[in-house]
Amino acid sequence: FHDPQGLQEKTEILLREWITLYHSNTAGPGSATAFTHFVKQMNVHGILKTDELITRFFRNCVSYCRDICLRSMNEVQQNQTGGGTPTPTTTSSAVASSQCRNKCFQHVDPFVRLVALLIKHSGEATNPSTKINLLNKVLGLVCGIMMHDIETNNLEFYQLPYHRILMMLFLELNAPEPVLESINLAVLMAFTQTLHLLRPSKCAGFSYAWLEIVSHRVFVGRMLAIAPQQKGWAMYSMLLTDLFRFLAPYLRNAELAKPLTKLYKGTLRVLLVLLHDFPEFLCEYHYGFCDAIPPNCIQMRNLILSAFPRNMRLPDPFTPNLKVDMLPEIAITPKIHCSISSFITPVELRNNLDSYLKNRTPVTFLTELRGYLQNVTPSSGIGVSGSPGEDGMHYNMQSLNALVVYVGMQAIAHIQSKGQTPSMSTIAHSAHMDIFQNLAVDMDTEGRYLFLNAIANQLRYPNSHTHYFSCTLLYLFAEANAEAIQEQITRVLLERLIVNRPHPWGLLITFIELIKNPSYKFWSHEFVKCAPEIEKLFESVARSCM
Amino acid sequence: PLGSTPLSADHEQQFKRLQASYFRMPHSADNERLKIHFPRQPVVTPQHFPQVPPPLSDTVDFFQRLSTETLFFIFYYLEGTKAQYLAAKALKKQSWRFHTKYMMWFQRHEEPKAITDEFEQGTYIFFDYDNWGQRKKENFTFEYRYLE
Amino acid sequence: LGSDLTSLGLNLNSPENLYPNFGGPWAESPCRPQDIDYHVPQEYLVN
């Protein structure tokens, strides 16, 4: 703010001049000729003299672009509805809307081109930091102005100009030009940081545009396919987690008004593209995603858990006498890109856990375990902040998820250190299994549901975690001292099986083993016949097994 | 057994903002460079029109079965896109060549004979470059010319 | 029970990657060839 006298007017005059040059026939390829001429103009007006001045110039340009867009969109709305409330577009209004979009773009795109050219031509080719500093400056301005716009205009906020600036700037800076190669990764990082700042939880009115950018073919290609050594994967997983965190409270209540259904369905489409093109990405980042997705959001979670490496051939789960423990991949430890133990809170719990796993002390550990996992503070993790202790809020899901996986990983390492593989006998009678059995017995229905979900979230493609946790779930079923536990294990599996496809391989083989292996006496339980449609469902699954 | 969780005031407010933007959904064209002639699905076409491109419509084989005129139209009207790239490949498969200096496509005759240092005997698509450049409608010509 | 994910306009059996033609989170069908920018040889840019 507090621009020098006359800067705003000067900016507008200069920007208009640039826009004219940009659209003229003599602009030259990539506006190169126009740019050479215009830089002189900027120098004459002293715009490039100081860092502060060019920042102010850019800020005024962004505001100018925004105002132009708003004006032209408001014109359309006036024409369409005589000033009434906007209605979802019909054909004629869509034409009007696209015409004024073109007008908007004819102002915004030249500005973006100017920014991109200034970035490309700033600093020496060998010193990319000047370029990236300039990019971060502009992106920071767009964020600042947009957030100010949101706070000022609330429901009247209009995402179009910001969407256009960010999208076109990303496309400009990802063109296959040698001058950009040295900053490709830094550009991805800058945009990731910007989109994280503008994440839906902070800028809900920008969510649709945000997801358009994050799932744009060029953005996905750069992030997941082209960036070397998969350096974009961690960045992209952070953005996806931002989206899940925003959706979580609404999905958690399964009350999906149209705007949310739209966003949710859009998210499913993006995940399907990732499942099809980058399954390894979903495999390696599944843990963080499942921490953010609410436990009742079954199909979306199944979609993520169904991913398996493209070079892997999954044996048909219904193969008679399938010997899971003979599969070559079953002993391989899956990659998980986060430090699980850091999610086990409070620290005291983690220390006592390690101590208990090592030498089964403190002996009170098992009796205190549930208390540690109960929510005494507003829940972290799935972004739902209700007051602790409310229904569905008694436990810290993130800590419970981490504890289960952490203990499982320790158990697998322990078993493998003895040259064994997980089986009903090798997983039994261990500190690890004591903890799991204690959780199964000691928890109330809600807590046990979260606990069993934490296990079921590891039932994926053939790997050592799938194997161990499949055995664990079956072991807990077999050793349960109350039918309620067995029923709840069945429910957790069943609710993941009855939803539409896809279904994780590990889930299928666990359930098939449960209903096929007579040692679990599955069919003898009353709950199998609790309702005709449930009984029919079990029988239909059983038939497909036989 | 989790039951529902009360939404916080912040969630309520964010939802209202999401809802407001729902009535201003982005257009697919918002993500694309401005294309004067064929922006990406700017309008809803009547349902009885084909709503989805035919299968494999983004392959050279598909383009190769298009008429020469159609391929020229695509080449000159959809420049800078994958369609232009595919049209160029299909034209080459139909034994056309691109004269890079005059942006004209031409077909060599059986015994190519150089006429000047820039042109050789063949069938040229005369493309009214000047009128095209100004996107003029009137006297816009697009014709085969035999250069003997 | 979730939704039928095969009806979201994505060809999930495609041997090719989907993302290069992905029409976006709300698109019922993939991008058409004319929607996709391509860095064609400079001399093709007649306009």
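Every chain is numbered from 1 and lettered A, B, ... according to where its sequence line falls, protein lines coming before strand lines. All values derive from a computational prediction rather than experimental measurement.
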Give, for atom NE2 of A:H276 and atom CG of C:L10, the distance between the pair rounded to the nearest 0.5 Å.
9.0 Å
For the backbone of C:G24 and the side chain of A:E212, can you confirm whether one donor and one acceptor N or O come within less than 3.5 Å of each other?
no
In Å, rounded to the nearest 0.5 Å, how long is the span from CG of A:L272 to CG of C:L5?
5.0 Å
Which answer fits A:I498, side chain, backbone, both or neither, if we ask what part of it has an atom under 4.5 Å from a heavy atom of chain C?
both
State, to 0.1 Å, how close A:N500 and C:G2 come at their nearest heavy-atom pair, and which atoms those are.
ND2-O, 3.3 Å
Is it the side chain or the backbone of A:L263 that comes within 4.5 Å of chain C heavy atoms, both, or neither?
both
By a 4.5 Å heavy-atom criterion (distance strictly below it), what part of A:F278 contacts chain C: side chain, backbone, both, or neither?
side chain
Are the side chain of A:D277 and the backbone N or O of C:N17 linked by a donor-acceptor pair below 3.5 Å?
no
At a 4.5 Å cut-off on heavy atoms, which part of C:E16 comes close to chain A: side chain, backbone, both, or neither?
backbone
Going from OG on C:S3 to CE on A:M300, what distance comes out if it is rounded to the nearest 0.5 angstrom?
11.0 Å
Which bit of C:T6 comes within less than 4.5 Å of chain A, counting heavy atoms only: side chain, backbone, both or neither?
side chain
Just so I know, are the side chains of A:K265 and C:W26 near enough to count as touching, which here means a heavy-atom distance under 4.5 Å?
no
Taking A:R217 for the side chain and C:Y19 for the main chain, is one N or O donor matched with an acceptor at less than 3.5 Å?
no
Using non-hydrogen atoms only, which part of A:R310 is less than 4.5 Å away from chain C: side chain, backbone, both, or neither?
side chain
Any chance you could lay out the side chain to side chain contact (heavy atoms under 4.5 Å, CB included) test for C:E28 and A:R269, step after step, and finish with the verdict?
CA-CA 10 Å; C:E28 300 288 343; A:R269 269 201 188 91; 3.2 Å; yes
